[in-house]
Amino acid sequence: MASSGGKAQSNGKRHSRGRPSKDADGVGREALMEAAERVLRRLPPAEVTRLAIAEEAGVDPNLVRYYFGTVSHLISEVVLASHRHIFAAFEQKTKMADPIDLLRLRVSEWLRLFIDNPYHHQLLTMVMYADLASEEHAAWKESLDRSVGYTRLGLELGEKSGQLRTVEPRFLQIAMLGMTEFFANNGAILKDMFGPEATPESLRADYEAFLFDLVTNGLRPRAKKG
């Protein structure tokens with residue numbers, strides 16, 4: 001998990017938590033998570049330290065340890081919170097949306113996640129998969145299973161309505177994650193292909209529409225032979 005220098009590492013154990021200093025007045029878990037989220041968007045994971053997060057929040061570094069134990073646990077909380085936001089959007093839509101709209105929501109939310117958080121995959125590798133016996137990995141596995149469950153639900157609703165055919169939801173999820181993450185995290189390639197002004201954000205709407213069309217048409221029911 002966190003080394004003596006406060007960098008994100010993982011060994012499945014949490015450091016003890018001391019009392020917060022007087023600098024902690026008015027600053028709680030949510031404020032620290034928001035500060036960590038801002039830091040994680042602009043710094044590579046290897047450069048994320050307790051000090052960097054504390055400076056962003058304007059508090060004593062010991063406050064990170066008080067609330068989260070380690071930098072790794074704080075990072076895991078931020079990552080899981082970003083996925084809970086996606087889950088909440090999906091749950092709200094399932095009550096009123098067409099199955100095709102649910103599919104577009106998956107594409108849209110993942111694109112936004114990876115564009116807003118360029119180091120998201122690195123964080124997963126460094127924190128959630130550093131120790132498969134850790135609390136961080138267990139929490140991530142639960143979140144991942146829930147995410148696949150939403151993909152499966154969307155497909156089931158689409159099949160019942162006659163709009164989508166049955167496919168392996170885990171394969172579909174991997175394919176959509178790969179197509180959204182690669183686009184979001186390879187700005188230099190986009191500039192070579194689309195011109196020096198191109199960025200993932202400037203191309204996001206067009207790519208979302210393309211990807212949605214590609215996936216949707218690929219999942220349409222196929223005419224039976226003979």
Side-chain angles (χ1 to χ4, degrees), residues 30 33-34 37 40-41 76-125 127-129 136-187 190 194 199-225:
E30 291 301 318
M33 287 181 64
E34 291 172 2
E37 184 177 5
L40 292 169
R41 287 181 174 182
S76 74
E77 290 287 336
V78 172
V79 170
L80 292 171
S82 68
H83 286 269
R84 284 195 294 269
H85 173 78
I86 295 176
F87 298 157
F90 197 86
E91 287 179 350
Q92 184 178 20
K93 285 285 187 179
T94 55
K95 301 174 183 178
M96 57 183 177
D98 182 276
I100 300 299
D101 291 336
L102 295 177
L103 189 60
R104 179 151 202 164
L105 180 63
R106 299 251 77 184
V107 172
S108 177
E109 291 287 346
W110 280 332
L111 266 178
R112 173 55 58 198
L113 172 68
F114 292 125
I115 289 175
D116 287 349
N117 302 276
Y119 301 110
H120 190 78
H121 185 78
Q122 293 181 44
L123 292 172
L124 289 179
T125 301
V127 176
M128 307 305 208
Y129 285 94
E136 286 80 6
H137 181 260
W140 167 246
K141 182 61 168 58
E142 182 179 344
S143 178
L144 181 60
D145 291 343
R146 185 178 177 186
S147 182
V148 173
Y150 286 128
T151 300
R152 179 179 290 107
L153 174 61
L155 286 170
E156 290 174 349
L157 293 174
E159 182 184 12
K160 289 179 180 179
S161 68
Q163 296 171 284
L164 302 174
R165 62 189 175 89
T166 302
V167 298
E168 169 55 67
R170 290 167 294 185
F171 285 157
L172 176 62
Q173 179 136 338
I174 289 171
M176 290 196 294
L177 284 171
M179 288 187 286
T180 51
E181 183 184 349
F182 185 90
F183 175 84
N185 293 335
N186 286 277
L190 295 183
F194 292 91
T199 65
E201 181 58 45
S202 68
L203 295 172
R204 184 183 66 83
D206 288 341
Y207 184 68
E208 179 183 318
F210 166 80
L211 190 54
F212 169 70
D213 182 68
L214 182 69
V215 173
T216 302
N217 284 326
L219 293 174
R220 296 290 187 189
R222 297 176 178 175
K224 295 181 179 180
K225 295 181 180 180

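In this text the structure is predicted, and so the values were computed from the model without any measurement.
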| query | Yes or no on salt bridge (Lys or Arg N to Asp or Glu O under 4.0 Å) for Lys160 and Glu156, after CA distance, side-chain angles and deciding distance? | reply | CA-CA 6 Å; Lys160 289 179 180 179; Glu156 290 174 349; 5.8 Å; no

| message | I'd like to know whether CZ of Arg170 has more than 12 heavy-atom contacts from other residues, nucleotides or ligands below 6.0 angstrom. | response | no

Considering only heavy atoms from C-beta outward, does the side chain of [X] approach that of [Y] to under 4.5 Å?
{"X": "Leu219", "Y": "Glu159", "result": "no"}
{"X": "Ser76", "Y": "Trp140", "result": "no"}
{"X": "Leu172", "Y": "Arg106", "result": "no"}
{"X": "Thr199", "Y": "Ile115", "result": "no"}
{"X": "Val79", "Y": "Val127", "result": "no"}
{"X": "Glu201", "Y": "Arg112", "result": "yes"}
{"X": "Arg152", "Y": "Gln173", "result": "no"}

Distance (rounded to the nearest 0.5 Å) between [X] [atom1] and [Y] [atom2]:
{"X": "Met176", "Y": "Phe212", "atom1": "CE", "atom2": "CZ", "answer": "11.0 Å"}
{"X": "Phe87", "Y": "Leu80", "atom1": "CZ", "atom2": "CG", "answer": "8.5 Å"}
{"X": "Asn117", "Y": "Glu181", "atom1": "CG", "atom2": "CD", "answer": "11.5 Å"}
{"X": "Asn185", "Y": "Thr180", "atom1": "CG", "atom2": "OG1", "answer": "9.0 Å"}
{"X": "Asp98", "Y": "Arg104", "atom1": "CG", "atom2": "CZ", "answer": "12.5 Å"}
{"X": "Ser82", "Y": "Glu109", "atom1": "OG", "atom2": "CD", "answer": "10.5 Å"}

| task | Please step through side chain to side chain contact (heavy atoms under 4.5 Å, CB included) for the pair Met179 and Trp110, ending with a clear verdict. | result | CA-CA 10 Å; Met179 288 187 286; Trp110 280 332; over 6 Å; no

| said: Checking the side chain of Arg204 only, and the main-chain atoms of Ser108 only, is there a donor and an acceptor separated by less than 3.5 Å? | reply: no

| query | Is the side chain of Thr125 donor-acceptor paired with the backbone N or O of His121 at a distance under 3.5 Å, no angle test? | reply | yes

| message | Over 60° means perpendicular and under 30° means parallel, so tell me whether Phe90 and Tyr150 are parallel, tilted or perpendicular. | response | tilted

| request: Describe, in one word, how the ring planes of His120 and His83 are oriented to each other, choosing from parallel (under 30°), tilted (30 to 60°) and perpendicular (over 60°). | output: tilted

| side-chain contact (heavy atoms from CB on, under 4.5 Å) partner of Glu208, chosen from Leu203, Leu111, Asp213 | Leu111

| said: Looking at Arg146 and Glu142, is there a salt bridge between them, counting it only when a charged N and a carboxylate O are closer than 4.0 Å? | reply: no

| task | For Pro200 and Ala184, work out which heavy atoms get closest and say how close. | result | CG-O, 3.5 Å

| Minimum heavy-atom distance His137-Tyr129, with the two atoms named | NE2-CE2, 3.5 Å

